[in-house]
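All remarks here apply to the structure that follows.
Below, chain A is the first sequence line, B the second, and so on; all start at residue 1.
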Amino acid sequence: MAPADGRPMDVTNYILRRVLTSAVLMIIISMVTFGVFFMVPKLAGTNPAELYVGKQATPADVAATARKLGLDQPVTVQYARFAKGLVAGRDFDDGPNKTHCDAPCFGYSFRNDRPVWPLLLDRLPVTISLAIGAAIIWLIGGVLAGVISALRRGGALDRTVMVLALAGVSLPIYFTGLLAQLVFVHTLHWLPGGEYVNFADDPAGWAGKLFLGWVTLALLYAATYARLTRAQMLETVGEDYIRTARAKGLRERTVIAKHAMRSVLTPIVTIFGLDIGSLLGGAILTESVFGLPGIGRLSIDAVNTKDLPVVLGVTLFGALFIVLANFIVDLLYAVIDPRVRLG
Amino acid sequence: MKGTDMSSTNPLTTTEPVPGPRRGPDPAAFLDVRDLRIHFPTDDGLVKAVDGISFTLERGRTLGIVGESGSGKSVTSLGILGLHRREHARVSGEVWLDGEELISASPERVRQLRGQRMAMIFQDPLTAMHPYFTVGAQIVEAYRVHHRVSKAVARKRAVDLLGRVGIPQPAKRVDDYPHQFSGGMRQRAMIAMALVNNPDLLIADEPTTALDVTVQAQILDLIRDLQEEFGSAVLMITHDLGVVAELADDILVMYGGRCVEEGSAQTLFRRPEHPYTWGLLGSMPRVDRETRDRLIPIKGTPPSLINLPSGCAFHPRCPYQGRDGIPCRTEVPSLAQGSDHGVACHIAPAERRRIFAEDIAPAL
């Protein structure tokens, strides 16, 4: 039994412990990721320094660059430098030019001639716009569809929703996305094509450009949410406490909207947090299909140009969001479910 | 006619059994259930969970409905409250509550009565209370759905009732969640929730099954005290004869969705006449006597409610079936065949009394 007066202290403890766990997790992820990116060129038989010098460079040039950038050092030393850069910033000196990279330094992209961190920050608003817009649509659409489906179980509406949901999870984004673009942008001209514009510059253009991305991405997630909500609702309405709610004489609407939804939303919140977290790390397919210059697009471009520091930065950035989302979900869970022990 | 006999004696309104037919409109009875049938169509067939149950219950009195799992006792209680969904269950018969018929009433009307004039205490208070709402919030909600009062007034009422049912420091515990209560406390809170609107009819469905023995006695005492105080009619659903022995004025024994024996508690414990009731008594542990060291189980398993045995549903398990050419396998016995209380058995009353006196009673 947890006495009510012990709660504030428990909460602080709980949060502190969660923060600590998340930090440790993040450090481990960065080590593993860094290790992988250290190993990959070796396994591929290339010297990472080759990627920094021009195509016509002599082996001596490559070796010199490797030495200057510290790429010839053991992985532990390289990681220590990287970690130090994250906290305190670091200098890159590849011979001809010297550059400083401010903390948090995720590395330096010689392809773009910029540190990775501002590259990420530049792209983040696009990814956030895409993720949040889609999330609002799929959360409302998916949950509503799932609830209605469950309450009309076995009826025509339920079947229709479930078939649509199956289609939603089955159809890949590069199919639905391209089809939608063909129809609504190029054929019907209902939506503008062209470049992405900032919300601040042109809100209507911003929404117009993002709209299909939102809908396409939302369709995919809404399908999952509808199925989850439906299953959860069907399970919940069979619970004893729902019968109790009815036995109290509550209206059916209250029984469903208050008592049942409270339980249905708990797992939804959990996966919603994680989905948002992973989407903020970049929606690669959607951003590519709709030409949205977000983090997903950045990562694809970086992979194509073998821009290793950017690939590493994007990966860690994505991991950061997932860990952060996990942390927030954990906190939320303690608020939502009073049975979660703050231990 | 299948099921129980409508024109049978109904001794439940008085302590002393009244012989002879007496039935029909009975405006005096507070709760009057007539030929209640609750059937569930399923893919495997029609489940006749309750198949013609009739009884009456007055304010201030307690009726115990006894039977094993699947005998239809819980289905009956949910049927009275109108908690079977119309798309799943076929409900027929009549349920009169204080002169108002509920089966034919609109769902909205039954909802208004539910929780207010008739309330229910459920078996397992851990699963029967919402885990995400505080105990107080759940009681407040039960009160406010039937009373136009402020949250503060309802909260005060909740605290009062928690105190009444014996929760220590109710003003503080009102903000606890169900999982912060012990099992016995949860059941007390459940009772407080059921009583918050001063219901005239309180249905308790296995209220002590999920509790340990010492707490069971406390809860039963509490229900009895509160019944005296509030003057409600109590319908006690249980498989535990010990519970009805403690609380009930009258007893109705159910088997396979039908009533097999009914009468005052005294009569049923002293002069039971149905072989199934004998079986129940024989399988009940007693601490007040030491005449036997082994319990006598009833052979066999409860019947399938889809394919109820022909004739008397109990006949496959009855050691006396078919004696002297009685039609146990073919004819459904009607309730009360010349006995002083309701018994649905083909064995002649005199013979039943003889078997009980000579074979059954000494072994109990």
Contact origin within R144(B) toward chain A - heavy atom pairs under 4.5 Å: neither
Check against side chain to side chain contact (heavy atoms under 4.5 Å, CB included), E87(B) and R153(A): CA-CA 11 Å; E87(B) 58 265 42; R153(A) 183 187 193 177; over 6 Å; no
Derivation of the side chain to side chain contact (heavy atoms under 4.5 Å, CB included) call for Q138(B) and Y241(A): CA-CA 10 Å; Q138(B) 299 188 49; Y241(A) 56 78; 5.8 Å; no
K258(A) atom NZ, neighbour heavy-atom count above 12 within 6.0 Å: yes
L78(B) portion near chain A, given a 4.5 angstrom heavy-atom threshold: side chain
Segment of A119(B) engaging chain A (4.5 angstrom heavy-atom cut-off): neither
Under 4.5 Å from a heavy atom of chain A, the part of Y143(B) involved: neither
Min side-chain heavy-atom separation R339(A)-Y132(B) under 4.5 Å: yes
R251(A) side, atom CZ; E108(B) side, atom CD - distance, nearest 0.5 Å: 6.0 Å
Top contributor to chain B contacts, counting heavy-atom pairs under 4.5 Å, from I242(A), T266(A), I336(A): T266(A)
Rounded distance (nearest 0.5 Å) linking atom CG of D240(A) with atom CE of M129(B): 12.5 Å
Contact class of T254(A) relative to chain B, heavy atoms under 4.5 angstrom: side chain
For E235(A), all residues meeting side-chain hydrogen bond (donor to acceptor under 3.5 Å, both in side chains), sequence neighbours excluded: none
Heavy-atom side-chain contact between H130(B) and T244(A) under 4.5 Å: no
Residue, of D175(B), V145(B), T127(B), that accumulates the most heavy atom pairs under 4.5 Å with chain A: T127(B)
Backbone N/O of K248(A) and side chain of R114(B): donor-acceptor pair under 3.5 Å: no
More than 12 heavy atoms from other groups under 6.0 Å of CZ on F327(A): yes
Inter-residue atom distance R243(A).CZ - M120(B).CE, 0.5 Å rounding: 6.0 Å
Taking every non-hydrogen atom, the tightest pair across P131(B) and P338(A): O-CG, 3.4 Å
